[in-house]
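Right, one structure below, let's go through it.
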Amino acid sequence: MNDPHAKPAKLFIAVFLLMFGGIGLTVLLFLWATPRDAFGAPPLFFRIVGSFIAIGFIAFSGAGISRLFASRAKPVVTRPKSGASSQVIASCPGCGASLDGDADISPSGDVKCTYCNSWYNVRAGR
């Protein structure tokens with residue numbers, strides 16, 4: 001199941017996202033590190049508007065990189081307490097939502113998350 005193109009693609013996407021973060025950081029530093037009385041210094045209005053745009057670039061870059069290199073956690077499977085129903089309770093590894101009590105689980109343990117619509121297996125940890 002290992003895709004030979006996965007690592008180069010991840011690296012390319014990471015470089016692209018780092019470019020966005022670098023551009024945002026450079027603009028932010030330029031806007032606020034330039035003295036107000038220096039020749040060519042941007043007015044306050046442009047500093048504020050440019051800062052919001054630069055922060056958006058930095059946030060996009062950080063969120064993308066963290067999502068790109070986030071490890072896929074296995075679902076957390078717990079046994080019900082004594083006297084409770086015999087269903088397996090799990091949380092989605094994608095979004096962390098808990099499994100609904102009336103969710104349809106296939107015989108092999110596959111279930112679809114009702115929140116993020118991703119498929120995962122509740123018996124993967126066994």
Side-chain angles (χ1 to χ4, degrees):
M1 281 256 176
N2 288 337
D3 184 12
H5 303 293
K7 281 195 177 190
K10 267 189 173 182
L11 182 64
F12 178 75
I13 293 170
V15 168
F16 182 75
L17 290 170
L18 284 173
M19 270 183 358
F20 264 82
I23 290 169
L25 190 60
T26 303
V27 168
L28 200 59
L29 287 174
F30 166 74
L31 290 173
W32 294 102
T34 307
R36 286 186 298 165
D37 57 349
F39 180 74
L44 181 63
F45 175 77
F46 290 117
R47 287 180 188 223
I48 293 172
V49 172
S51 295
F52 285 129
I53 294 170
I55 289 171
F57 271 59
I58 294 168
F60 173 77
S61 174
I65 289 173
S66 67
R67 176 75 177 151
L68 186 64
F69 291 107
S71 65
R72 292 282 183 181
K74 293 189 177 195
V76 178
V77 179
T78 58
R79 298 275 177 201
K81 296 179 183 174
S82 61
S85 65
S86 61
Q87 287 185 344
V88 174
I89 303 169
S91 61
C92 174
C95 67
S98 60
L99 182 64
D100 292 338
D102 59 336
D104 293 327
I105 302 174
S106 72
S108 64
D110 293 331
V111 66
K112 187 174 184 179
C113 178
T114 57
Y115 296 101
C116 67
N117 293 325
S118 64
W119 288 90
Y120 63 98
N121 192 306
V122 294
R123 296 185 179 94
R126 291 188 205 174

Run the side-chain donor-acceptor check on residues 50-59: report pairs under 3.5 Å with partners two or more places apart or on a different chain.
unit_1, atom_1, unit_2, atom_2, d
S51, OG, W32, NE1, 2.5
S51, OG, R47, O, 2.6

Contacts table for residues 34-43: side-chain donor-acceptor under 3.5 angstrom, sequence neighbours left out:
unit_1, atom_1, unit_2, atom_2, d
T34, OG1, F30, O, 2.6

Sequence neighbours excluded, which residues qualify as ring-ring contact (aromatic ring centres under 6.0 Å, His included) partners of F16?
-> F20
How many angstroms lie between atom CD1 of I13 and atom CG of L68, to the nearest 0.5 angstrom?
->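 These two atoms lie 5.5 Å from each other.
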For L18, check side chain to side chain contact (heavy atoms under 4.5 Å, CB included) against everything at least two apart and list the hits.
->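 Testing L18 for side chain to side chain contact (heavy atoms under 4.5 Å, CB included), a comparison that skips the adjacent residues, returns I65.
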How would you list, by chain and number, every residue that makes a side chain to side chain contact (heavy atoms under 4.5 Å, CB included) with T26, sequence neighbours excluded?
-> none
Is there a path of hydrophobic side-chain contacts, each under 4.5 Å between heavy atoms of I, L, V, M, F, W or Y residues, that connects L29 with V27?
-> yes
